[in-house]
Amino acid sequence: RLLEFQRKRGRVKTAARRAMKQIDAEQQDAFEKREAEAAAARKAARAKKGPPKKTTKSSKPKKRPKKLLLKGHESEVTGVAVSPDGARLASVDWWGMLRLWKPWEREPLSVVELAPSRIQRVGFVDDHIVASVGWDGVVRFTDIRDGAETGTCPVLDSEWIWNLRISPCRRFLAVGADNEEKSGLTSRMGLVVLFGIGVPEPLDVVKGRFEAITFARFDGRDVLVVVRNTTELVVIDLQTRKHRVIEERFGDAFRIAISP
């Protein structure tokens, strides 16, 4: 009986193996048939579409790098500004050298010597005139096309100019400076001087400890906004020169941003 049982079990295993081989063969045949049909469909679609168009290198758009390092200054870069048309970038260094760059190009367009004084800030008045200020406390206007100085505005006796802003209407310029003799560099007790571009004398002077200055336009009026003593916003109407002081009673303010 044991031998008969073993023979039956052997016959069952053999039949099972044969059945599995047959199933595998059928599945393989079905898979190959589907692959052949898909390949024929792709070939027919390509034939219907026609030959691919040849592309030249010039027709492909130039890929811009995600990050570009502009090198050329021989001393510390102290200021950067973008032209109103957005086509050029200006950078200045301690030695008074200004370099003009085109975005996404490594070589400068031109190099202009602004002044022998250490330049600390720079800004575009228009597409061709830049305003710069250095340790001598003098605002200089320079034509970047030929490097000629077109005018100056003496600011004050200070070796630390920490801000230079030009109004969106390109008619006013504000400079923030520290008064070293009275307060030292760390406390920033100084002045914000407002100039009219083309006007030699200051239009207004605001005293205090300043954190930020910026120009804005509210209700059709151009204004200068100054953060003073970290607890006040001084808003100056550029037409009437009237001051409005807004006090912040719940904390200190160090930066300001104006919505578009």
Side-chain angles (χ1 to χ4, degrees), residues 1-93 97-112 121-124 126-128 130 144-145 165-166 168 170 212 214-218 250-260:
R1 271 185 269 175
L2 181 59
L3 291 174
E4 184 65 24
F5 174 75
Q6 289 177 351
R7 282 195 291 269
K8 286 183 179 180
R9 188 172 64 177
R11 288 194 296 269
V12 171
K13 286 184 177 181
T14 302
R17 282 197 294 270
R18 289 175 181 171
M20 290 300 296
K21 285 182 180 180
Q22 185 177 359
I23 293 172
D24 291 341
E26 292 175 355
Q27 290 181 349
Q28 184 66 25
D29 293 341
F31 175 75
E32 292 177 356
K33 184 178 180 181
R34 288 196 301 270
E35 286 294 314
E37 291 176 353
R42 288 194 295 269
K43 186 176 180 180
R46 285 196 298 269
K48 186 177 180 181
K49 188 180 294 185
K53 295 182 180 179
K54 294 183 179 181
T55 58
T56 60
K57 291 184 179 179
S58 60
S59 63
K60 292 182 179 180
K62 188 176 179 180
K63 187 177 181 180
R64 289 183 175 180
K66 294 182 179 179
K67 185 185 296 185
L68 188 62
L69 185 63
L70 303 178
K71 295 182 179 181
H73 286 281
E74 298 179 358
S75 63
E76 182 181 353
V77 177
T78 56
V80 177
V82 180
S83 62
D85 59 3
R88 284 166 297 179
L89 181 75
S91 58
V92 293
D93 57 26
M97 302 302 293
L98 178 141
R99 280 171 167 78
L100 289 173
W101 312 83
K102 191 174 182 180
W104 307 112
E105 291 188 6
R106 296 180 183 275
E107 296 299 326
L109 297 174
S110 61
V111 180
V112 180
R121 295 293 183 267
V122 67
F124 276 92
D126 56 32
D127 293 335
H128 305 294
V130 297
I144 57 178
R145 292 171 291 188
R165 291 285 185 270
I166 298 174
R170 307 293 168 182
T214 187
F215 284 97
R217 188 173 180 84
F218 294 121
F250 303 101
D252 295 340
F254 298 97
R255 298 292 181 269
I256 187 169
I258 306 298
S259 66

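As the structure is a prediction and not an experimental result, all values here were calculated from the model. The residues of the chain are indexed from 1 along the displayed sequence.
- For the pair R170 and P84, the minimum side-chain heavy-atom distance is below 4.5 Å.
- The side-chain heavy atoms of K102 and L109, taken from C-beta on, include a pair separated by under 4.5 Å.
- Salt bridge status for R7 with E4: present, with a side-chain N to carboxylate O gap under 4.0 Å.
- Residues E74 and D93 form no side-chain contact, since every pair of their non-hydrogen atoms from C-beta on lies 4.5 Å or further apart.
- For R121 against T78, the heavy-atom pair with the smallest separation is NH1-O, 3.3 Å.
- Once rounded to the nearest 0.5 Å, the distance linking CG of L89 with CG of L100 reads 8.5 Å.
- For the residue pair V122 and V130, the shortest heavy atom distance occurs at CG2-CB, 4.3 Å.
- When all heavy atoms are compared, the tightest approach of G123 to A81 is CA-CB, 3.8 Å.
- The only option from V82, I166, I144 that meets the side chain to side chain contact (heavy atoms under 4.5 Å, CB included) definition with F124 turns out to be I144.
- Of the inter-residue distances, the one linking D29 atom CG with R34 atom CZ reads 11.0 Å to the nearest 0.5 angstrom.
- Residues M97 and H73 come closest through the heavy atom pair O-CE1, 3.6 Å.
- For CD of E32, the number of neighbouring non-hydrogen atoms (other residues, nucleotides, ligands) closer than 6.0 Å is greater than 12.
- Heavy-atom contacts from other residues, nucleotides or ligands closer than 6.0 Å to CD of E37 number more than 12.
- The distance from the CD1 atom of I23 to the CE atom of M20 is 5.5 Å, given to the nearest 0.5 Å.
- Atom CZ of R18 has 12 or fewer heavy atoms from other residues, nucleotides or ligands within 6.0 Å.
- A distance of 13.5 Å separates NZ in K71 from CZ in R99, rounded to the nearest 0.5 Å.
- Heavy-atom minimum distance, F215 versus P168: CB-CD, 3.6 Å.
- Two residues are said to be in side-chain contact when any heavy atoms from C-beta on lie closer than 4.5 Å; E35 and F31 meet this criterion.
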